[in-house]
Amino acid sequence: MDKVTCIVVGAGPAGSACAYALARKGIETVLLERGRVPGEKNVSSFVLYTSELKRLIPEFRKDLPFERTVVRTDQVQLEPNDAKALTSYNYQWVDDPLAFTAYRRKFDAWFARKAVDEGVQLISGMKVNNLIKDGDQVVGVRVGDEELYADVVVGADGFHSVVGEKSGLITTWKPERCFLAVKEVLDLPSDVINERFQVADGIGCEQGIYCYHMNDLDVFSATLYTNVDSVSLAVFARLDELQKKNIQLHEQLEFFKQHPYVDNLIKGAKLREYQAHLLPDGGRVKPENLYADGVLLCGEAGGITATVTGMGIPTCLLSGMMAAETIGDAVKQKDFSKRSLKNYLKYLDSTALLAMVHKSRKESDYYASAARLEGPREMEAAADIYNQYWETDVMYISKHSFSLLVELYLRIGQYHLPGLLRWPLTALVKLSRLPAKLVEKIKKRLRKRYYEWKGQPAGR
Ligand SMILES: Cc1cc2nc3c(=O)[nH]c(=O)nc-3n(C[C@H](O)[C@H](O)[C@H](O)COP(=O)(O)OP(=O)(O)OC[C@H]3O[C@@H](n4cnc5c(N)ncnc54)[C@H](O)[C@@H]3O)c2cc1C
């Protein structure tokens, strides 16, 4: 093979989406994957929210290899000695599913096969180790001793992106823009899963677990969800925090598994898989570094993801589709220069992706900033406030307690504003703040009235 129009590096969700969309446009595309089969190298089971996939392959449900349809979603707040869970069942998702649990091994292979069906040439077992350049223009890739040429190369090669590094688009990565995840897939009989998670055959549960005051980590969360006959458990923490505090995440996982809430759900389960993986927080790459002459980055390679929402795959998939739109225009204009590929930002902006990247960069900046160290611990502050609401009643308290909103702003809100707005507004809010004793008095009175209103003794 001498030259094709486009080479996509990496057959993960971003790469297969991009290749699929390019092939639908009739653009000659080669998809290169280092694994012997797509999915082989990727972190295993996951929850797939499907709205973006539906946009690309409307009939995807015909043969999508999924485990369970997610109908139950739980938000759990975990502290060392208690757990509070907000459970919701969305029964319309039984017939019109929004999310499925699935295995990456099966899903990635299925997705790449869909791209092949559209005319993409998939070459597996090929690790790209360098780019070929003509001046500044990327004109192909090197795989061992072999050279493949293309008008444009798409880097969809995940966190450790060779395309990003060799093109000079990614020069460094900072720990504060990354999460570390440790994940286990645990075998558990189907009927035990149904009983413990209160679901029926084929129906699944997804839990987002937020941990406070747990082993000294400011930011520590977990996900737990059900496959047919296994559950997936993953814990996440910021890499910079783990480094600074010299904390081992796999030890945190063991500690986490012993929490009575978690233990009750997984006891007796047998370890099937164990994996660790880095995740870029959104905004790892500046938007102007997502493209250069003859090259684009999408998915995790470009940090186009929303780690905090747990929606990595839909955003990666959408960025692959937007890269394909950009390349479609470049093919029409026969122009693969940086100037032409800049359209990528326009396409990302037409979705919510660019806004998401900007927001995530700001959040990461905040985490890396002195403000975070000087300020109160954000998660702890959120937990306190959450607890206050929990103890009373959201509808009732929100009518009466302006002071809680002020507290929320002072503890969290201000850090998300640009400096120019933050300082005057914070000064104003502080001036209007009631003395702490008075706030306490008001809260006590509110609580008393609340219990009277509910007809319960104000015992707490
Ligand atoms: C523990 C954990 C749990 C997660 N759970 C969820 C979840 O439930 N739902 C969700 O939506 N997201 C989840 N995510 C996030 C999600 O996995 C990522 O956002 C997503 O996989 C990124 O897709 P991608 O295509 O950009 O990169 P990847 O999935 O990393 O794919 C990159 C592909 O490129 C290939 N590759 C890499 N380098 C080369 C090379 N040099 N040459 C050739 N091929 C190469 C790799 O083998 C791989 O196939 C989770 C992540 C982790 C770590």
Side-chain angles (χ1 to χ4, degrees), residues 1 3-19 22 29-43 104 108 112 115 120-175 177-178 180 239 275-281 283-286 288-305 312 316-317 319-320 323-324 326-327 336 338 341 344:
M1 180 192 345
K3 186 179 170 195
V4 292
T5 308
C6 182
I7 294 172
V8 178
V9 183
S16 287
C18 182
L22 285 168
T29 304
V30 168
L31 179 58
L32 294 177
E33 168 55 43
R34 68 178 170 168
R36 282 168 304 172
V37 282
E40 182 192 54
K41 298 277 182 190
N42 296 335
V43 165
R104 287 292 302 273
D108 286 15
V120 169
Q121 190 180 349
L122 168 69
I123 311 181
S124 303
M126 291 287 225
K127 184 168 188 250
V128 169
N129 44 27
N130 214 338
L131 296 177
I132 307 167
K133 284 188 178 178
D134 180 3
D136 286 339
Q137 186 83 21
V138 173
V139 294
V141 299
R142 267 200 185 92
V143 179
D145 294 336
E146 286 187 53
E147 293 185 338
L148 304 175
Y149 287 86
D151 289 320
V152 60
V153 172
V154 176
D157 45 348
F159 186 89
H160 300 286
S161 171
V162 170
V163 177
E165 280 168 32
K166 300 292 179 188
S167 60
L169 289 173
I170 302 177
T171 48
T172 171
W173 58 272
K174 296 181 179 172
R177 293 206 196 280
C178 302
L180 180 64
L239 190 58
Q275 288 162 322
H277 205 269
L278 282 169
L279 290 105
D281 204 355
R284 167 200 195 191
V285 180
K286 285 186 187 160
E288 60 271 26
N289 279 13
L290 290 172
Y291 60 94
D293 293 310
V295 63
L296 288 172
L297 299 180
C298 63
E300 265 191 9
I304 310 177
T305 176
C316 290
L317 208 141
S319 71
T326 313
I327 294 166
F336 300 95
K338 185 174 176 174
L341 298 182
Y344 187 32

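- Not a single donor-acceptor pair under 3.5 Å links the side chain of Ser161 to the backbone N or O of Gly158.
- A heavy-atom distance below 4.5 Å is not found between the side chains of Val9 and Val162.
- Among residues at least two apart or in separate chains, there is no salt bridge (Lys or Arg N to Asp or Glu O under 4.0 Å) pair with a member in residues 152-166.
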Step by step, work out the side-chain contact (heavy atoms from CB on, under 4.5 Å) result for Val120 and Leu22.
CA-CA 8 Å; Val120 169; Leu22 285 168; over 6 Å; no
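- Considering only heavy atoms from C-beta on, Glu300 comes within 4.5 Å of His277 through its side chain.
- At a threshold of 4.5 Å between non-hydrogen side-chain atoms, the residues Val295 and Leu169 count as touching.
- Taking every heavy atom of both residues into account, Leu31 and Gly10 meet most closely at CD1-O, 3.5 Å.
- In this structure, Glu33 contributes its side chain and Ala11 its backbone to a donor-acceptor pair below 3.5 Å.
- Closest heavy-atom contact between Ala115 and Ser16: CB-O, 4.2 Å.
- Tyr344 contributes atom OH, which lies 6.0 Å from atom CG of Leu296 (distance to the nearest 0.5 angstrom).
- The CG atom of Asn129 lies 9.0 Å from the CG atom of Asp145; values are rounded to the nearest 0.5 Å.
- Taking each heavy atom of Val8 and Cys18 in turn, the nearest pair found is CG2-SG, 4.2 Å.
- The distance from the OG1 atom of Thr326 to the CG atom of Leu290 is 10.5 Å, given to the nearest 0.5 Å.
- Minimum heavy-atom separation, Val154 to Cys6: CG2-SG, 3.9 Å.
- With sequence neighbours left out, the side chain to side chain contact (heavy atoms under 4.5 Å, CB included) criterion links Arg104 to Pro13, Asn42, Phe46, Asp108, Ile313.
- Taking the side chain as every heavy atom from C-beta outward, Leu148 and Leu32 approach each other to under 4.5 Å.
- Ile170 has its side chain out of reach of Asn289: every pair of non-hydrogen atoms, C-beta onward, lies at least 4.5 Å apart.
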Start with the C-alpha gap between Leu297 and Val163, add the side-chain angles, then the distance that decides, and say whether side-chain contact (heavy atoms from CB on, under 4.5 Å) holds.
CA-CA 8 Å; Leu297 299 180; Val163 177; 4.1 Å; yes
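- A pairwise comparison of heavy atoms in Thr305 and Cys316 identifies CB-SG, 4.3 Å as the closest pair.
- For the pair Leu122 and Ser124, the minimum side-chain heavy-atom distance is below 4.5 Å.
- Annotation: side-chain hydrogen bond (donor to acceptor under 3.5 Å, both in side chains) contacts involving residues 133-143, sequence neighbours excluded, comprise Arg142-Glu147.
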